[in-house]
Amino acid sequence: MSHYALRYPLEASTSGFRTCKNMTSSTGLKRRIEDKETNQKKARYDLKRAEDFSGGRAAFEVYPISRFDLPFPNYRQPSEVGVFSLDAEREFHNDGRKLRYYIVPPDPKHVSFDLTEGYDTLIKRDEDEKERLDHLLRWILKNRRKFLLARRSISTSSETSEQEPGSDHAESDSQLHTDFIAWRGHFTKILCTPYENQDGWTMAVSKFNGTWYISEVETPEQRDRRVNMADRQREMTYWGYKFEQYLTAGEPQGKPETSDPVNTNEAFCTVIRTRLNTHSLVFSGEVDCRLADGHMRAPQCYIELKTSREMYKPNQQRNFRRFKLLKWWAQSFLPGVPRIVCGFRDDGGVVHFLETFKTMEIPNIIKADSPTWNASVCVNFCDQFLSHVKKVVREDNPRLVYLFTWRPNCPVTHTVHRDSENSFLPDWYTQAFQTT
């Protein structure tokens, strides 16, 4: 049975990095040993709550990850509360004009999509321009009434009699009655943290009007990889965008236009409201396309499109399930996107066949075949980390930024910055609430 069926009603200081890196070898060994211990040790952790792990500490311990191996936490059925689009110039529009429709090929098991086609005409978004949460914040300002209506709906609902987290705020238009606001990709990285062994992250957090805002900060390692990316890797990044062009159209019964230049400025984004245990979440993420069936409601109608190399050896299959399926599952599980269509390609960038993965079945596939990751560990880790953030970030001040940083084999640490370059809530946003 799927988790939805069970639970739903229907990136510290430089010196800190250096110290942690020096400890990597012994810490990693300890982690591997402890994670192989018996269920008797796990039972001791089962008796603890999130606050027992992090209360009063400067760091949030990640290892051993076995302590997050708890029953799957409550995760409310995600609901779409709005959409917005970004056009060819990356301009914001409070509508769904950039929504694409999935066009099923005549024979999904036999296709020939050349993903290298048109690479020389690529129109690429300026990645040096740090957008932070700006587009999502623009959507919030244009749709503040939805937050107030949602709060009143929760307050009067017979289904939820307990007090809404953060509901000690006065009922006013100046508050969003939501605990966390972020991009979907930020929560995806947090979910995958227990099983990530290469890429760390830094998340900036500010509290404003009772809501915690999360915005990822590009680490020096991430910037170095992006700026110094090899030509071959840049082309392979393009392949994913080109794949979407082969399978989507602007109209339900339209035809894919593969001769048009790929423009990575354009995007259609959904805005999702949900709840993870006691944490109410609002986040936004880009959507590749939707089914042409107009009777299906969002987000159940959405489809995620991916590409992957064809697999011929057992170790390729293991790596695919260990790494790619984990990230694909987390990315689609969060907003409730039920299907992932993957195009399997050769080394020359030609897709030969498609395969559909059902998001809610991926954890069961992993559990039955190669139990290299556990969905419950991922979601429990996210739940407890968000509880830690609430304990640490107490001052309600948009100019105060807490940088939470994690590196593999290390705990999550944080530093505090006031009126720094890391401030990410713009004046045009915060002042809009002061004029209410």
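Each residue takes its place number in the sequence, starting with 1.
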**Among Leu281, Ile181, Leu386, Val389, the one residue meeting side chain to side chain contact (heavy atoms under 4.5 Å, CB included) with Ile214** = Leu386
**Request:** Output yes when a side-chain donor or acceptor of Arg184 lies under 3.5 Å from a complementary backbone atom of Glu286, and no otherwise.
**Result:** yes
**Message:** Using a strict threshold of under 4.0 Å (side-chain N to carboxylate O), is an ion pair present between Arg339 and Glu304?
**Reply:** no
**Message:** Side chains of Asp95 and Ser85, heavy atoms from C-beta outward: is any pair under 4.5 Å?
**Reply:** yes
**Item:** Any donor-acceptor N/O pair, Thr178 side chain to Val282 backbone, under 3.5 Å
**Value:** no
**Request:** Taking the side chain as every heavy atom from C-beta outward, state whether Glu196 and Lys327 have any atom pair closer than 4.5 Å.
**Result:** yes
**Message:** Set out, in order, the CA-CA distance, both residues' side-chain angles and the distance that settles side chain to side chain contact (heavy atoms under 4.5 Å, CB included) for Ser308 and Trp328, then state yes or no.
**Reply:** CA-CA 11 Å; Ser308 188; Trp328 292 2; 4.2 Å; yes
**Asked** Donor-acceptor pair, Lys367 side chain versus Asn374 backbone, under 3.5 Å?
**Response** no
**Request:** Establish, from distance only, whether the side-chain atoms of Lys189 and Gln331 form a donor-acceptor pair under 3.5 Å.
**Result:** no
**Request:** Return yes if a side-chain donor-acceptor contact under 3.5 Å exists between Glu244 and Tyr102, otherwise no.
**Result:** no
**Asked** So, do Thr116 and Tyr238 sit near enough that their side-chain heavy atoms are less than 4.5 Å apart?
**Response** no
**Message:** Is the distance from the ring center of Phe283 to that of Phe180 below 6.0 Å?
**Reply:** no
**Asked** Looking at Glu80 and Thr270, what are the two nearest heavy atoms and their distance?
**Response** OE2-OG1, 2.7 Å
**Request:** If the plane angle is over 60° it's perpendicular, under 30° parallel, otherwise tilted; pick one for Phe208 and Tyr213.
**Result:** tilted
**Prompt:** Hey, are the side chains of Leu148 and His177 touching, using non-hydrogen atoms and a 4.5 Å cut-off?
**Reply:** yes
**Request:** Decide yes or no on side chain to side chain contact (heavy atoms under 4.5 Å, CB included) for Ile340 and Thr359, but give the supporting numbers first.
**Result:** CA-CA 7 Å; Ile340 303 166; Thr359 303; 4.0 Å; yes
**Asked** Under the 3.5 angstrom rule, does the side chain of Arg399 hit a backbone N or O of Asp419 as a donor-acceptor pair?
**Response** no
**Item:** For Thr307 against Lys324, the heavy-atom pair lying closest together
**Value:** O-NZ, 3.5 Å
**Request:** Starting from the C-alpha separation in whole Å, work towards a yes-or-no answer on salt bridge (Lys or Arg N to Asp or Glu O under 4.0 Å) for Lys207 and Glu395.
**Result:** CA-CA 7 Å; Lys207 187 178 182 181; Glu395 183 175 338; over 6 Å; no
**Request:** Would you kindly say whether Thr258 and Gln245 are connected by a side-chain donor-acceptor distance under 3.5 Å?
**Result:** no
**Request:** List in chain and number order the residues that pass salt bridge (charged side-chain N to carboxylate O under 4.0 Å, His left out) with Lys358, two or more places apart in sequence or in another chain; answer none if no residue qualifies.
**Result:** none
**Prompt:** Taking the six-membered ring for Trp, is the centroid-to-centroid distance between Phe84 and Phe92 below 6.0 Å?
**Reply:** yes
**Item:** Centroid-centroid distance, Trp373 to Tyr195, less than 6.0 Å
**Value:** no
**Request:** Evaluate salt bridge (Lys or Arg N to Asp or Glu O under 4.0 Å) for Asp199 paired with Arg225, printing each intermediate quantity in order.
**Result:** CA-CA 11 Å; Asp199 299 327; Arg225 284 197 301 270; 3.4 Å; yes
**Prompt:** So, His93 and Lys98: side-chain donor and acceptor under 3.5 Å apart, yes or no?
**Reply:** no
**Prompt:** So, do Glu361 and Trp329 sit near enough that their side-chain heavy atoms are less than 4.5 Å apart?
**Reply:** no
**Request:** Determine the interplanar angle of the Phe385 and Phe381 rings, folded into 0 to 90°, and report it as parallel if under 30°, tilted if 30 to 60°, perpendicular if over 60°.
**Result:** parallel
**Message:** On a heavy-atom basis, which atom in Ile65 and which in Val377 lie closest, and how many Å separate them?
**Reply:** O-CG1, 4.0 Å
**Prompt:** With a 4.5 Å heavy-atom cut-off, do His279 and Lys390 have their side chains touching?
**Reply:** yes
**Message:** Can you confirm whether Pro256 sits close enough to Leu247 that some side-chain heavy atom of one is under 4.5 Å from a side-chain heavy atom of the other?
**Reply:** no
**From CA spacing to verdict: side-chain hydrogen bond (donor to acceptor under 3.5 Å, both in side chains), Tyr246, Glu117** = CA-CA 11 Å; Tyr246 275 102; Glu117 182 183 330; 3.2 Å; yes
**Request:** Look at the aromatic rings of Phe147 and Trp139 and report parallel, tilted or perpendicular, splitting at 30° and 60°.
**Result:** perpendicular
**Request:** Would you check, one step at a time, whether the test salt bridge (Lys or Arg N to Asp or Glu O under 4.0 Å) holds for Glu221 with Arg223?
**Result:** CA-CA 5 Å; Glu221 297 89 345; Arg223 185 183 187 281; over 6 Å; no
**Request:** Please say whether more than 12 non-hydrogen atoms of neighbouring residues, nucleotides or ligands are located less than 6.0 Å from CZ in Arg297.
**Result:** no
**Message:** So does Arg76 get a backbone contact from the side chain of Thr274, meaning a donor-acceptor N/O pair under 3.5 Å?
**Reply:** yes
**Message:** For the aromatic rings, using the six-membered ring if either is Trp, is the centroid distance between Phe404 and His414 under 6.0 Å?
**Reply:** yes
**Request:** Take Glu127 and Lys124, measure what salt bridge (Lys or Arg N to Asp or Glu O under 4.0 Å) needs, and give me the verdict at the end.
**Result:** CA-CA 8 Å; Glu127 294 182 346; Lys124 196 172 186 299; 3.1 Å; yes
**Item:** Side chain Asn380, main chain Pro71, donor-acceptor under 3.5 Å
**Value:** yes
**Message:** Ring-plane angle category for Phe357 and Phe320, please: parallel below 30°, perpendicular beyond 60°, tilted otherwise.
**Reply:** tilted
**Prompt:** So, Asn277 versus Asp383: side-chain donor-acceptor pair below 3.5 Å or not?
**Reply:** yes
**Message:** With heavy-atom distances below 4.5 Å as the criterion, would you say the side chains of Arg290 and Leu99 are in contact?
**Reply:** yes
**Message:** Any side-chain to backbone donor/acceptor pair from Ser420 onto Arg418? Under 3.5 Å, distance only.
**Reply:** no
**Shortest non-hydrogen contact between Ala204 and Leu403, atoms and distance** = CB-CD2, 3.6 Å
**Residue pair Leu276, Val379: steps toward the side chain to side chain contact (heavy atoms under 4.5 Å, CB included) verdict** = CA-CA 8 Å; Leu276 171 56; Val379 184; 3.5 Å; yes
**Request:** Take Lys306 and Leu325 through the side chain to side chain contact (heavy atoms under 4.5 Å, CB included) test and state the conclusion after the steps.
**Result:** CA-CA 11 Å; Lys306 299 290 185 183; Leu325 281 188; over 6 Å; no
**SB check Arg67 Glu61 (cutoff 4.0 Å)** = no
**Prompt:** Do you know the tightest heavy-atom contact between Asp396 and Asn209?
**Reply:** OD1-N, 2.8 Å
**Prompt:** So, Ser284 versus His135: side-chain donor-acceptor pair below 3.5 Å or not?
**Reply:** no
**Heavy-atom pair of closest approach, residues Phe333 and Pro78** = O-CG, 4.4 Å
**Asked** Heavy-atom count around Lys142 NZ within 6.0 Å, excluding the residue itself: above 12?
**Response** no
**Prompt:** Counting only N and O atoms by type, is there a donor-acceptor contact under 3.5 Å from the side chain of Asn265 to the main-chain atoms of Arg90?
**Reply:** no
**Request:** For Trp239 and Phe243, indicate whether the former's side chain and the latter's backbone hold a donor-acceptor pair under 3.5 Å.
**Result:** no
**Donor + acceptor pair across side chains of Asn94, Asn143 (<3.5 Å)** = yes
**Prompt:** In this structure, are over 12 heavy atoms from other groups packed under 6.0 Å from Arg125 atom CZ?
**Reply:** yes
**Prompt:** Is it true that the side chains of Thr188 and His186 contain a donor and an acceptor less than 3.5 Å apart?
**Reply:** no
